[in-house]
Amino acid sequence: MRCFKGFKAGAALLLVLPWSGCNPKTESRVERPIIATDSAMFNKPPSSFQDTLVLSSESAVFFNSDSIQLKKFKDANSEMIFKSTTHDCIYQQKNARKVLHEYWIKIVVRDATNYRYLMFVRKNRNPVVVDLNPLDLCGLFLFEPGKEPVQADMMNIETALGNYFKSN
């Protein structure tokens, strides 16, 4: 036996039996139940609007799905997924608005619910257009005319605001 050089084969066999082999297992497999998923799960339906919100000043822009998108999303997903997703949107946006109101009062807060596109006009007059269709049901963009707009992480809103608006 290769693992136990110097031992007699019989002695090595007795030593090996309690451990099912010389090579340690590199991976343990745990069987997990397979959950059937709907192919439409988590896909946001396209917007029923084609309007564009134009922004040219320092802003925090909250975007949300319109009522038709929400209904289609609800129809395509389970009740649990719909409630969880919408609850997360409400909570995260409420928290982000609170932080903006308390600590970043100079930032203009805008809402983009019935818009498909956001057009950010930079200082050099070159616009940046964002299509909201491929994004989540809700979110937040930060914009300063001298910079590129960024989609903020609402779970870490304090850090996102500090990093974006304080850095030059």
Side-chain angles (χ1 to χ4, degrees), residues 27-123 126-168:
E27 179 181 322
S28 65
R29 293 187 181 253
V30 177
E31 292 298 321
R32 295 185 182 156
I34 297 173
I35 300 171
T37 58
D38 182 358
S39 62
M41 187 184 300
F42 299 117
N43 288 339
K44 179 174 121 179
S47 177
S48 52
F49 293 91
Q50 297 299 316
D51 296 337
T52 302
L53 176 61
V54 179
L55 303 135
S56 58
S57 63
E58 200 171 66
S59 333
V61 184
F62 289 94
F63 67 89
N64 290 290
S65 299
D66 61 58
S67 60
I68 296 170
Q69 279 179 301
L70 286 175
K71 182 177 178 350
K72 289 178 181 178
F73 182 80
K74 183 178 182 178
D75 292 344
N77 294 286
S78 71
E79 185 73 18
M80 182 180 72
I81 291 171
F82 176 75
K83 284 183 176 181
S84 174
T85 305
T86 54
H87 173 78
D88 284 349
C89 283
I90 291 167
Y91 175 78
Q92 289 181 24
Q93 286 190 350
K94 181 180 178 182
N95 182 58
R97 287 174 191 277
K98 180 181 174 187
V99 171
L100 280 159
H101 179 73
E102 288 181 19
Y103 304 107
W104 296 87
I105 56 176
K106 292 182 181 181
I107 306 298
V108 175
V109 176
R110 301 287 308 264
D111 289 296
T113 298
N114 295 330
Y115 296 95
R116 175 170 176 186
Y117 301 100
L118 300 177
M119 180 187 292
F120 299 98
V121 182
R122 296 179 294 181
K123 278 185 181 178
N126 291 333
V128 174
V129 178
V130 176
D131 183 354
L132 299 176
N133 267 355
L135 304 179
D136 293 331
L137 288 178
C138 67
L140 171 65
F141 274 94
L142 304 177
F143 177 61
E144 188 175 314
K147 298 179 181 181
E148 293 291 317
V150 297
Q151 187 172 358
D153 177 9
M154 289 191 292
M155 291 293 289
N156 297 306
I157 189 62
E158 294 90 352
T159 303
L161 287 164
N163 288 341
Y164 185 77
F165 287 113
K166 285 186 178 177
S167 61
N168 289 325

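Treat the numbers as computed from the prediction; the structure is a model and nothing was measured.
- Residues Leu53 and Tyr115 share a closest heavy-atom pair of N-CD2, 3.5 Å.
- Taken from CH2 in Trp104 to NZ in Lys166, the straight-line distance is 5.0 Å, to the nearest 0.5 Å.
- Atom CD1 in Ile105 sits 11.0 Å away from atom CD in Glu102 (nearest 0.5 Å).
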Next on the checklist: Run the side chain to side chain contact (heavy atoms under 4.5 Å, CB included) test on Met154 and Asp88 for me, step by step, so that the C-alpha distance in whole Å, both residues' side-chain angles and the decisive distance to 0.1 Å come before the verdict.
Outcome noted: CA-CA 10 Å; Met154 289 191 292; Asp88 284 349; over 6 Å; no
Next on the checklist: Quick one, Asn163 with Val150, criterion side chain to side chain contact (heavy atoms under 4.5 Å, CB included). Give me CA distance, side-chain angles, the key distance, then yes/no.
Outcome noted: CA-CA 11 Å; Asn163 288 341; Val150 297; over 6 Å; no
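- Rounding to the nearest 0.5 angstrom, the gap separating the NZ atom in Lys74 from the CD atom in Glu79 is 4.5 Å.
- In terms of heavy-atom proximity, Phe82 sits nearest to Leu70 at CE1-O, 3.6 Å.
- Looking at Ser65, its side chain does come within 3.5 Å of a backbone N or O of Leu137 through a donor-acceptor pair.
- Without hydrogens or angle criteria, Asp136 side chain to Cys138 main chain gives no donor-acceptor distance under 3.5 Å.
- Residues Ser59 and Phe165 approach most closely at O-CZ, 3.8 Å, considering heavy atoms.
- When all heavy atoms are compared, the tightest approach of Phe143 to Ser57 is CD2-O, 3.4 Å.
- Expressed to the nearest 0.5 Å, how far CD of Glu148 lies from CZ of Phe141 amounts to 11.5 Å.
- Shown here for Pro145 and Ser56, the closest heavy-atom pair between the two residues is CG-O, 3.3 Å.
- Just one of Ile157, Asp153, Thr159 meets the side chain to side chain contact (heavy atoms under 4.5 Å, CB included) condition when paired with Met155; it is Asp153.
- Shown here for Arg122 and Asn126, the closest heavy-atom pair between the two residues is NE-O, 2.9 Å.
- Of the possible donor and acceptor atoms, one in the side chain of Thr85 sits under 3.5 Å from a partner among the backbone N and O of Ile81.
- Atom CZ of Arg97 has more than 12 neighbouring heavy atoms from other residues, nucleotides or ligands inside a 6.0 Å radius.
- Taking CG of Asp66 as the start and NZ of Lys72 as the end, the distance is 8.5 Å to the nearest 0.5 Å.
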Checklist entry - Taking it one step at a time, do Val121 and Val54 satisfy side chain to side chain contact (heavy atoms under 4.5 Å, CB included)? => result CA-CA 7 Å; Val121 182; Val54 179; 3.9 Å; yes
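- Annotation: the span from Tyr103 atom OH to Leu161 atom CG amounts to 12.0 Å, rounded to 0.5 Å.
- Distance alone, capped at 3.5 Å, is enough to place a donor-acceptor pair between the Gln93 side chain and the Phe63 backbone.
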Item to check | side chain to side chain contact (heavy atoms under 4.5 Å, CB included) evaluation trace for Val108 with Glu58 | outcome: CA-CA 6 Å; Val108 175; Glu58 200 171 66; over 6 Å; no
